[in-house]
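Notes follow once the structure below has been shown.
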Amino acid sequence: MNATPILAIFAAGLLLASANCAAAEKPVNTTYFGNLAVQGYDTVAYFTDKKPVEGSKEFAAEWNGAVWRFASSAHRDQFKADPVKFAPQYGGYCAYAVSQNNTANIDPKAWSVVEGKLYLNYDKDIQAKWEKDRAPYIAKADANWPKLIGLDPAKPAPAPPVVK
């Protein structure tokens, strides 16, 4: 008996199970290995370069339980000065999934900046769906997100953590 298909099924099950409870355990969507936010992409570049740019190990910062990589020291320093401004909404989980009261991983190339906020999506197909009716999806996701990360929506949100 070949163990490869069994391992693949087991891994897929773990992936699905972890996606559904991930936000309550980790407010930032990270890679399984390396604890990288946005799969190692530079979040500042979405705003300054208007495109996804891979970050470098050389220019990294720790914030909110994750490692954030940047393409330059200037981008890293911009992030450190105001991480909330540059961090993706909903901890970097798929914005559409959060609007559906769930979490899902993202493709860093499926993104948009709306009113100065970065939103990421699972893939280009989900992004196209999300883009057609963004405002209601954002409103739903904004309402769902505190509950998904285990916060009481009636209480004030805690202050953001310090960047290291």
Side-chain angles (χ1 to χ4, degrees), residues 8 11-12 14-142 144-145 148-149 160-161 163-164:
L14 279 177
L15 183 61
L16 288 173
S18 66
N20 289 331
C21 64
E25 295 169 11
K26 288 184 82 172
V28 176
N29 181 17
T30 60
T31 58
Y32 291 107
F33 302 104
N35 199 35
L36 297 176
V38 194
Q39 297 179 13
Y41 277 71
D42 178 343
T43 58
V44 175
Y46 290 103
F47 296 91
T48 60
D49 300 7
K50 311 272 190 257
K51 65 181 182 180
V53 176
E54 288 189 61
S56 167
K57 287 180 185 180
E58 183 180 355
F59 309 113
E62 289 184 34
W63 182 71
N64 209 10
V67 175
W68 302 75
R69 288 187 178 170
F70 304 92
S72 68
S73 61
H75 282 192
R76 181 197 57 217
D77 294 347
Q78 283 181 275
F79 181 84
K80 284 178 138 182
D82 194 355
V84 173
K85 175 180 178 179
F86 295 108
Q89 299 303 292
Y90 321 122
Y93 289 95
C94 172
Y96 176 79
V98 174
S99 77
Q100 304 303 300
N101 204 29
N102 209 337
T103 59
N105 207 357
I106 54 97
D107 174 352
K109 295 177 183 172
W111 66 281
S112 55
V113 173
V114 180
E115 295 183 15
K117 295 179 179 179
L118 174 60
Y119 297 90
L120 301 168
N121 291 113
Y122 176 75
D123 62 18
K124 295 282 188 173
D125 292 336
I126 292 296
Q127 181 186 19
K129 181 176 186 170
W130 185 80
E131 292 281 346
K132 287 181 185 175
D133 211 11
R134 270 195 311 231
Y137 289 137
I138 290 172
K140 287 178 186 175
D142 286 349
N144 292 338
W145 182 240
L148 284 171
I149 59 171
V163 181
K164 297 178 186 172

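Index from 1, following the sequence. Basis for what follows: all heavy atoms, side chains included, without hydrogens, waters or symmetry-related copies. Small disclaimer: the values here were computed from a predicted structure and weren't measured.
The closest side-chain heavy-atom distance from V38 to Y46 is below 4.5 Å.
Residues passing the side-chain hydrogen bond (donor to acceptor under 3.5 Å, both in side chains) test with N35, sequence neighbours excluded: K26, T30.
The CD atom of E54 sits 9.5 Å away from the CD atom of Q39 when rounded to the nearest 0.5 Å. Distance check: R69 CZ to D42 CG gives 12.0 Å after rounding to the nearest 0.5 Å. Between atom CG of residue N29 and atom SG of residue C94 there is a gap of 9.5 Å, rounded to the nearest 0.5 Å.
Relative ring orientation between Y90 and Y119 is described as tilted, the plane-to-plane angle lying within the 30° to 60° band. Ring planes of F47 and F86: perpendicular class, angle over 60° (limits at 30 and 60°).
For the pair A66 and V28, the tightest heavy-atom approach, listed with the atom from each and the gap, is CB-CG1, 3.8 Å.
Distance alone, capped at 3.5 Å, is enough to place a donor-acceptor pair between the N144 side chain and the V98 backbone. Not a single donor-acceptor pair under 3.5 Å links the side chain of W63 to the backbone N or O of W68.
Judged as a salt bridge (charged side-chain N to carboxylate O under 4.0 Å, His left out), the pairs with a partner in residues 115-133 (not counting sequence neighbours) are, in order, E131-R134.
A donor-acceptor contact closer than 3.5 angstrom is absent between the side chains of Y93 and N105.
Taking the six-membered ring for Trp, Y41 and W111 have ring centres at least 6.0 Å apart.
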